Structures are given as structure tokens and as C-alpha cells.
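Note that the coordinates shown come from a computational prediction; the quantities given were computed from them, not determined experimentally.
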Amino acid sequence: MEQINDIQVVPCTNSNYLKPFRVHYSQNGTKKSWDFMRTHDSVSVLIFNTSSHCFILVKQFRPAVYMCEWERTKEPEPAVQAAAGEEVEGAAATAAPETPIGETHQDEAVSMAGGVKTPQPPGTAGMTYELCAGLVDKADLSLEEIARQEVLEECGYDVPVAKLRRITSYSSSGVGVTGAKQTMFYAEVSDENRVGEGGGAPEEGELIEVVKVPLHEAMTFAYDESIPKTMGVIFSFIWFHNNMSPKYKISTNV
């Protein structure tokens with residue numbers, strides 16, 4: 001899952017998931033404009049296994065995270081100093097041909113900005129830990145039904161819709177770019193609810209690893225900055241500590 005190669009960055013001219021727009025508006029008499037992206041709303045599910053007292057998360061490769069990490073490691077473009085009118089002996093000076101963005105050469109590749117070559121980071125740079133989640137793209141299904149499908153596909157647990165507890169809804173991260181909303185649910189499962197291996201839907205190109213986080217390690221996991229995770233993981237663990245731990249009289253290692 002962490003073998004990432006043959007990377008090519010190309011313009012996105014058509015997408016079923018992202019629609020770029022520019023809005024012009026007036027705020028307190030000042031004319032402004034802003035670029036934004038129209039995306040699908042989504043659902044996420046905090047899954048707690050009562051048999052093993054652990055949270056069920058998913059781990060997967062996120063290209064956007066990977067490319068941003070790659071950009072952070074790129075070296076500054078070297079300054080080119082040339083005296084005005086300087087001639088190249090024997091021939092006129094010619095510019096080096098531009099290297100297409102995304103062209104790769106084994107252990108190095110071109111970064112997104114400036115055509116500067118930087119070493120390609122390992123696939124782990126794009127791996128993130130997340131709550132089980134999915135897009136709201138089925139008009140005939142309720143949010144709970146979509147959440148149930150995602151839990152089954154990604155994590156292998158069959159959870160009745162009636163057992164899903166709605167926690168809250170909120171604007172997804174990146175409100176400067178998208179105004180999509182996410183609705184978070186809580187689901188308690190046991191080993192008896194496990195009916196499959198999970199891993200996502202292969203026909204949709206999903207490649208997901210199911211991960212268990214022991215309850216007593218949850219808050220340490222949430223605040224460990226070396227572990228790449230979404231804000232949903234952190235928030236949901238805090239929610240569980242405040243709302244469910246007193247009920248079960250168990251510690252979340254805070």
C-alpha cells in the first residue's frame with residue numbers, strides 16, 4: 001500500500017468530485033472576490049469495539065497530503081546570475097528545456113513549483129489515520145444509511161442504522177476552499193458484528209487498512225504530532241472521553 005511511483009501531476013479539467021468557482025461580492029461596501037471549490041458533503045463514524053476496548057480507524061494514502069509533504073521538502077531554486085550582454089563562447093546562450101511537472105526519474109522527480117527536482121518521499125508521507133468516512137453522493141439514502149454502508153465497506157462491521165448515534169455536524173476543514181459539511185456518528189460494535197475484512201470498495205480503487213487504537217492509548221495517540229491524522233480523529237476521541245468514559249468508568253489515559 002505504501003509503494004508509490006509513476007507520479008504525474010496534470011491539470012484537472014473535469015472532475016466528479018471537485019468543481020472550482022470564483023465568486024464576486026461586496027462586503028461592507030468593499031468589492032471582493034474569492035475562489036472556492038464545490039464538493040460533496042460527507043459522513044464520518046467513530047467506531048468503538050466493546051469486545052476489545054479499542055477504536056477502529058482507517059489508514060489510507062492521500063495524494064494531496066503526499067504532494068504537500070513533497071513540496072515542504074523541496075530545496076529553494078538556485079539564483080541565476082548572469083551579466084547583461086554576457087556571451088557564451090562559440091554559440092548563443094539557450095535556455096534549458098522546461099521539464100514537465102510530474103516527470104519522474106527513479107529516485108528523484110520534479111516538484112509542483114518551479115520545476116525543481118527533489119528526492120521523492122516515501123509513500124508513508126501520504127498515509128493518514130482517519131475515521132471511517134464517505135461522501136454523501138446517494139440521494140436515495142439517508143446519512144445514517146450511507147454511514148452504515150461505509151462502516152461495512154471500509155471496516156467490515158455490520159451495524160444497524162438504529163445503532164448509529166449522531167454526534168454533530170460541522171463545516172469540513174479548509175473552509176477557505178470548500179463549504180462542505182460533515183456529519184459525525186458514533187457506533188459501538190463487537191467482534192460478533194464483524195462480517196468481513198473491510199478495506200474499502202476495490203471497484204472504486206479504494207485501498208484501506210483497518211487499524212485498532214486501544215482505548216487506554218487514545219488520547220496519547222490523538223495528541224502525538226508525529227502520527228498523521230485528521231481533526232475528526234482528535235475531536236471524536238475527546239468527545240468519547242467527555243461523554244462515554246464516565247458511563248463505562250474506564251480511563252482514556254488523559
### Query
Can the ring centres of Tyr25 and Trp34 be said to be less than 6.0 Å apart?
no
### Query
Can you check whether Trp239's main-chain N or O pairs, donor with acceptor, with Asn242's side chain at less than 3.5 Å?
no
### Query
Same cluster or not: are Val43 and Ile167 linked, directly or through other Ile, Leu, Val, Met, Phe, Trp or Tyr residues, by side-chain heavy atoms under 4.5 angstrom apart?
no
#### Entry: Nearest non-hydrogen partners of Thr183 and Ser169, listed with the distance
OG1-CB, 3.6 Å
### Query
Under 6.0 Å from the OH atom of Tyr170, do we count more than 12 heavy atoms belonging to anything else shown?
yes
### Task
State whether the side chain of Lys212 and the backbone N or O of Ser52 hold a donor-acceptor pair below 3.5 Å, judged by distance alone.
no
### Message
In the structure I gave you, are the side-chain heavy atoms of Lys138 and Gln149 within less than 4.5 Å of one another anywhere?
### Response
yes
### Message
Test of understanding: clusters of I, L, V, M, F, W, Y form through side-chain heavy atoms closer than 4.5 Å, transitively. Do Val161 and Val189 belong to the same one?
### Response
no
### Ion pair Asp158/Arg148, N-O distance below 4.0 Å
yes
### Message
Any heavy-atom pair between the side chains of Phe237 and Leu46 that's under 4.5 Å?
### Response
yes
### Message
Would you say that Tyr223 contacts Ile238 through its side chain, given a criterion of any heavy-atom pair below 4.5 Å between the two side chains?
### Response
yes
### Query
Is there a side chain to side chain contact (heavy atoms under 4.5 Å, CB included) between Val210 and Glu154 once you walk through the steps?
CA-CA 7 Å; Val210 181; Glu154 294 190 358; over 6 Å; no
### Query
What's the spacing between Met127 CE and Arg62 CZ if we round to 0.5 Å?
11.0 Å
### Task
List the steps, then state whether side-chain hydrogen bond (donor to acceptor under 3.5 Å, both in side chains) holds for Thr39 with Thr178.
CA-CA 7 Å; Thr39 62; Thr178 175; 2.8 Å; yes
### Query
Would Tyr157 end up clustered with Leu164 when hydrophobic side chains under 4.5 Å apart are linked, directly or stepwise?
yes
### Task
Take Lys181 and Asp41, measure what salt bridge (Lys or Arg N to Asp or Glu O under 4.0 Å) needs, and give me the verdict at the end.
CA-CA 5 Å; Lys181 179 181 291 185; Asp41 289 342; over 6 Å; no
### Query
For the residue pair Cys54 and Pro214, what are the closest heavy atoms and their distance?
CB-CA, 3.9 Å
### Task
Please assess Asn243 against Tyr186 for the test side chain to side chain contact (heavy atoms under 4.5 Å, CB included), listing each intermediate value before the final yes or no.
CA-CA 11 Å; Asn243 294 274; Tyr186 170 67; over 6 Å; no
### Query
Should Arg165 and Phe185 count as side-chain neighbours, where that means a heavy-atom distance under 4.5 Å?
no
### Task
Can you see which heavy atom on Ser190 is nearest to which on Thr50, and at what distance?
CB-OG1, 4.0 Å
### Query
Should the pair Phe240 and Phe48 be assigned to parallel (<30°), tilted (30 to 60°) or perpendicular (>60°) ring geometry?
tilted
### Summary
Nearest heavy-atom contact between Tyr66 and Gly123 is CE1-CA, 4.0 Å
### Task
Can you measure from CD1 (Ile56) to CZ (Arg194) and round to the nearest 0.5 angstrom?
7.0 Å
### Task
Calculate, to the nearest 0.5 Å, the distance between atoms NZ and CD belonging to Lys163 and Glu144 respectively.
15.0 Å
### Summary
Between Ser15 and Lys19, the two heavy atoms sitting closest are O-NZ, 2.7 Å
### Task
Report whether Met37 and Val10 are members of the same hydrophobic cluster (ILVMFWY, side-chain heavy atoms less than 4.5 Å apart, transitive linking).
no
### Message
Nearest 0.5 angstrom please: Phe235 CZ to Thr230 OG1, how far?
### Response
12.0 Å
### Task
May I ask you to test the Leu131-Val45 pair for a side-chain heavy-atom distance under 4.5 Å?
no
### Message
My understanding is that only one of Phe61, Phe55, Phe221 makes a ring-ring contact (aromatic ring centres under 6.0 Å, His included) with Tyr129; could you say which?
### Response
Phe221
### Task
Kindly compute the distance separating SG (Cys155) from CD1 (Ile208), expressed to the nearest 0.5 Å.
7.5 Å
### Query
Shortest non-hydrogen contact from Ala222 to Ile234?
O-CG1, 3.5 Å
### Query
CG/Leu135 to CD/Glu150 distance, rounded to the nearest 0.5 angstrom?
7.5 Å
### Query
Regarding Glu130 and Gln60, is there a side-chain donor-to-acceptor distance under 3.5 Å anywhere?
yes
### Task
Decide yes or no for Glu188 and Met244: does some side-chain heavy atom of the first lie under 4.5 Å from some side-chain heavy atom of the second?
yes
### Message
When you group the ILVMFWY residues by side-chain heavy-atom contacts below 4.5 Å and let the links chain together, are Met184 and Ile47 in the same group?
### Response
no
### Task
Walk me through it: do Gln182 and Ser172 pass the test side-chain hydrogen bond (donor to acceptor under 3.5 Å, both in side chains)?
CA-CA 6 Å; Gln182 183 170 93; Ser172 302; 5.0 Å; no
### Message
Do Arg22 and Phe36 form a cation-pi contact, if we require the NZ or CZ to be under 6.0 Å from the six-membered ring centre and within 45 degrees of the ring's axis?
### Response
no
### Query
Does a side-chain heavy-atom distance below 4.5 Å link Val58 with Val211?
no
### Task
Tell me, with the steps shown, if Asn28 and Thr30 meet side-chain hydrogen bond (donor to acceptor under 3.5 Å, both in side chains).
CA-CA 6 Å; Asn28 292 355; Thr30 301; over 6 Å; no
